[in-house]
2 protein chains.
Amino acid sequence: MVTLAQVARHAGVSPSTVSYVISGKRSISQDTRLRVERSIAELGYHPHAGARALASNRSHVIALVVPLRTDMFVPVMMEIAIAVTTTARRYAHDVLLLTSEEGPSAIKRIANSGLADAMILMDVELEDERIPLLRQTGTAAALIGLPADPAGLTCVDLDFEATGRLAADHLADLGHREVALIGPAESVYRRHTGFAERTLAGFRQQAGERGLRFLHRPCGDGHEAASGTLSRIFEERPGITGLVVQNEAALPHLLGQLRQSGRAVPEDVSVVAICPDDVALHSAPRLTSVSVPAKEMGQRAVELVMALAAGHPAEELTLLTPALTIRESSGPGPR
Amino acid sequence: MVTLAQVARHAGVSPSTVSYVISGKRSISQDTRLRVERSIAELGYHPHAGARALASNRSHVIALVVPLRTDMFVPVMMEIAIAVTTTARRYAHDVLLLTSEEGPSAIKRIANSGLADAMILMDVELEDERIPLLRQTGTAAALIGLPADPAGLTCVDLDFEATGRLAADHLADLGHREVALIGPAESVYRRHTGFAERTLAGFRQQAGERGLRFLHRPCGDGHEAASGTLSRIFEERPGITGLVVQNEAALPHLLGQLRQSGRAVPEDVSVVAICPDDVALHSAPRLTSVSVPAKEMGQRAVELVMALAAGHPAEELTLLTPALTIRESSGPGPR
DNA sequence: ATGAAAGCGCTAACAA
DNA sequence: TTGTTAGCGCTTTCAT
């Protein structure tokens, strides 16, 4: 192991000088800076993370808590996790991966062990047990998703209410009069993860505003659930010509079933999906969709949490504006 | 922050005693152990990770390197990552998440900074640049996947050759004579990630052995790719009655297309999937499949790497035995 | 612009 | 069975 002391000797300076060259916390003459940098490269020096953390009281690590049970669409979670990791590296930080399995005690453990300077939580529930701990330990933290009471917390999420409104508006603009919202599994609603309810609320509001008659149904992830949900919807409301789908896993099954049952998309029924762009593009027909900006959510969470850890104030609520991309799955409603 | 010294004072013992109570590295009288443990709980003490790493030269962290570009089915990656994390906790270790974006230099950085005691690599290519670094730094490491030359490395993977053979055998047993293997996208083969080639090799071998006539086609992930691949296959070999699919993303599209084109599963064509169980169970019909044991791969990788980090020798090659579960998508071949 | 030196909180000899 | 103590490698005051 190469130590800072060895670098100092090699460069003919004192240890503190090397330290300051690395941290940039005081001005160094061009000359010594260069010598030190050359020594660092030559010896292949990397600061010892533990020693640094001990002396400076900052670990340069962000903890990321991912859900065990997977309400969220897994590829979205993964994209967020990767965005968090690559963004963190831009701040010279690393990411510690935690699962919600360990429960609220993980918060205490991380906060007290100095393992991480900040936390990002990905599976926030409306009434999350960990939130009081976060507040009380004063940990720099960002939540991806919204709890019931975000006061004093830093949260990032897609504006799902606006998403619901956007989808309703698009269908109304196209002249549809009867529509349905197909959401995630019922268990997701019961667990109060929030995003599904918020989409529903926005959709309901705008549907009302625009005089749309609408139905809402949760839907499981498999083929059977999808075809069951679909047939029940059309049985109950044969006049439905517009579908909004917030369930990536069910999407291919839903589309297959639609095709199977002789309903052409978009001629007979228009589909608006709430999903990542690549899912929309890999479907047939390519789906008109509101994209879930996973990458941006991860990036923003890191930026916010870095600001907090540096002692700067951070915005309380960052709601990303949804964008609807019109593709081939939505068309004019009944003439 | 509560320190070990405070705990010692509170319990009326010396710091080293507290340390030894925690590490279990020397015997402690029942009495003092209890007193110390009570103090720890009462004060809410957690050892400072950095200090511990500095003094002991062990960070209690495992680095997990995940691929950026996603050849592997994302939910499988995620399941492995989660299994690694939860298993690591059982060994009192945490997991540091790295992406392959940082490149081979990440290996050096981690090895030299003492950030992690061991590494698990998930996106191993046949000729992986990082392998020489691993060898040369002597880092305790486990690879998930097989490189071209695994000599001296610790690797964990599903036995994909056996998987290919198993699928071929199942179709042959059912009396099928003409079959096709639908694999991942061509780019995956070109990148030489290995698993696809190995399945193909096993399948080819056993198909030969059993007198099966067979075709192999890569297939993109979307609906268009799936239906194109499928129609080209049946155009070229109308007599095909058995399909092996190693492409989770294309699976729903493939099944939809089969239904669409009037081929009943399993009456007209049998389908054997290589995929996680939940994908097989969420399809219609439920798929006969060889399951990808993501969880077990993650667990094993951690166990192996922990053995290595402790200085014990570890097996060089751990190939998990594939298991085929017969469900509803495979039936008798042409009579 | 640079150096000297005192810790940061813990582990692991060495002693008893 | 327990205590004493010398570092681990780095940051950061305090000097110069």
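Reckoned from all heavy atoms, side chains included, excluding hydrogens, waters and symmetry mates. Reminder, nothing fancy here: chain letters follow the sequence lines and each chain counts from 1.
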Colleague: Does Arg52(A) make a side-chain N or O approach to OP1 or OP2 of dG9(D) shorter than 4.0 Å?
Modeller: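 Arg52(A) to dG9(D) OP1/OP2: no side-chain N or O under 4.0 Å.
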Colleague: Does Arg191(B) pair with Asp123(B) as a salt bridge, N-O distance under 4.0 Å?
Modeller: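 No, no charged N to carboxylate O under 4.0 Å.
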Colleague: Measure CG/Leu54(B) against P/dC10(D) and give the value in whole Å, please.
Modeller: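 Checked: the CG to P distance equals 9 Å.
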Colleague: Whole Å only: how far is the CG atom of Leu4(A) from the P atom of dG7(C)?
Modeller: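 The answer, rounded to whole Å, is 19 Å.
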Colleague: Rounded to whole angstroms, how far apart are CG on Leu115(B) and C1' on dG9(D)?
Modeller: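 From Leu115(B) CG to dG9(D) C1': 14 Å.
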Colleague: Write down the atom of Gln6(B), the atom of Met1(B), and the distance for their closest heavy-atom approach.
Modeller: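 Smallest interatomic distance, heavy atoms only, reads OE1-O, 3.1 Å.
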Colleague: Roughly how bent is the helix from dA1(C)-dT16(D) to dA16(C)-dT1(D) end to end, in steps of 10 degrees, with each end axis from five pairs?
Modeller: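 For the helix from dA1(C)-dT16(D) to dA16(C)-dT1(D), the axes at opposite ends meet at about 30°.
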Colleague: Please report the distance, rounded to the nearest Å, between CD1 in Ile22(A) and P in dC10(D).
Modeller: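 Computing the Ile22(A):CD1 to dC10(D):P distance gives 8 Å.
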Colleague: What heavy-atom pair brings Ala63(B) and Ile110(B) nearest, and what distance separates the two atoms?
Modeller: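 In terms of heavy atoms, the two residues are closest at CB-CG2, 4.2 Å.
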Colleague: Determine, for Glu101(B) against Arg89(A), whether the closest basic-nitrogen to carboxylate-oxygen distance falls under 4.0 angstrom.
Modeller: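 So Glu101(B) does not pair with Arg89(A) through a salt bridge.
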Colleague: Are the side chain of Ser19(B) and the backbone of Pro15(B) linked by a donor-acceptor contact shorter than 3.5 Å?
Modeller: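 No, Ser19(B) side chain to Pro15(B) backbone: no donor-acceptor pair under 3.5 Å.
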Colleague: Would you list the pairs meeting side chain to side chain donor-acceptor pair (under 3.5 Å) in which at least one residue belongs to residues 304-317 of chain B, sequence neighbours left out?
Modeller: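 Side chain to side chain donor-acceptor pair (under 3.5 Å) check on residues 304-317 of chain B returns no pairs.
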Colleague: Among Arg130(B), Gln136(B), Glu102(B), which residue meets the side-chain contact (heavy atoms from CB on, under 4.5 Å) test with Ile107(B)?
Modeller: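 Among Arg130(B), Gln136(B), Glu102(B), the one meeting side-chain contact (heavy atoms from CB on, under 4.5 Å) with Ile107(B) is Arg130(B).
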Colleague: Is there any side chain to side chain donor-acceptor pair (under 3.5 Å) pair reaching into residues 147-160 of chain B, and which pairs are they, with sequence neighbours excluded?
Modeller: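 For residues 147-160 of chain B: Asp157(B)-Arg198(B).
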Colleague: Classify Ser19(A) by what it touches in the nucleic acid, base, sugar-phosphate, or nothing, heavy-atom distance under 4.0 Å.
Modeller: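 The residue Ser19(A) makes base contact.
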Colleague: Pick out the pairs of N or O atoms, protein on one side and nucleotides 3-7 of chain D on the other, that lie under 3.5 Å.
Modeller:
{"residue": "dG3(D)", "atom": "OP2", "partner": "Ser14(B)", "partner atom": "N", "Å": "2.9"}
{"residue": "dG3(D)", "atom": "OP2", "partner": "Ser14(B)", "partner atom": "OG", "Å": "3.3"}
{"residue": "dG3(D)", "atom": "OP2", "partner": "Thr17(B)", "partner atom": "OG1", "Å": "2.7"}
{"residue": "dG3(D)", "atom": "N7", "partner": "Ser16(B)", "partner atom": "OG", "Å": "3.2"}
{"residue": "dG3(D)", "atom": "N7", "partner": "Arg26(B)", "partner atom": "NH2", "Å": "2.8"}
{"residue": "dG3(D)", "atom": "O6", "partner": "Arg26(B)", "partner atom": "NH1", "Å": "2.8"}
{"residue": "dG3(D)", "atom": "O6", "partner": "Arg26(B)", "partner atom": "NH2", "Å": "3.3"}
{"residue": "dT4(D)", "atom": "O4", "partner": "Ser16(B)", "partner atom": "OG", "Å": "3.0"}

Colleague: Of the residues in residues 28-51 of chain A, which ones touch DNA chain C at a heavy-atom distance under 4.0 Å?
Modeller: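 The answer is Ile28(A), Ser29(A), Thr32(A).
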Colleague: Scan Val21(B), Thr32(B), Val7(B) and name whichever one has a side-chain contact (heavy atoms from CB on, under 4.5 Å) with Glu37(B).
Modeller: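 Checked Val21(B), Thr32(B), Val7(B) against Glu37(B); only one passes side-chain contact (heavy atoms from CB on, under 4.5 Å): Val21(B).
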Colleague: In whole angstroms, how far is the C1' atom of dC10(D) from the CG atom of Asn112(B)?
Modeller: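 These atoms are roughly 16 Å apart.
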Colleague: Please state whether the phosphate of dT12(D), meaning OP1 or OP2, lies under 4.0 angstrom from any side-chain nitrogen or oxygen of Lys25(A).
Modeller: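 The answer is yes; a side-chain N or O of Lys25(A) sits under 4.0 Å from OP1 or OP2.
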Colleague: On a heavy-atom basis, which atom in Ser39(B) and which in His10(B) lie closest, and how many Å separate them?
Modeller: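 Smallest interatomic distance, heavy atoms only, reads OG-ND1, 2.8 Å.
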Colleague: Whole-Å distance between dC8(C) P and Gln6(B) CD?
Modeller: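 In whole Å, dC8(C) P lies 11 Å from Gln6(B) CD.
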Colleague: Please state how far atom CE in Met1(B) lies from atom P in dG7(C), giving the value in whole angstrom units.
Modeller: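 Interatomic distance, CE of Met1(B) to P of dG7(C): 19 Å.
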Colleague: Got a sec, which pairs hit ring pair (Phe, Tyr, Trp, His ring centres under 6.0 Å) with one end in residues 51-86 of chain A, sequence neighbours left out?
Modeller: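 Counting only pairs at least two positions apart or across chains, the ring pair (Phe, Tyr, Trp, His ring centres under 6.0 Å) contacts touching residues 51-86 of chain A are His60(A)-His93(A).
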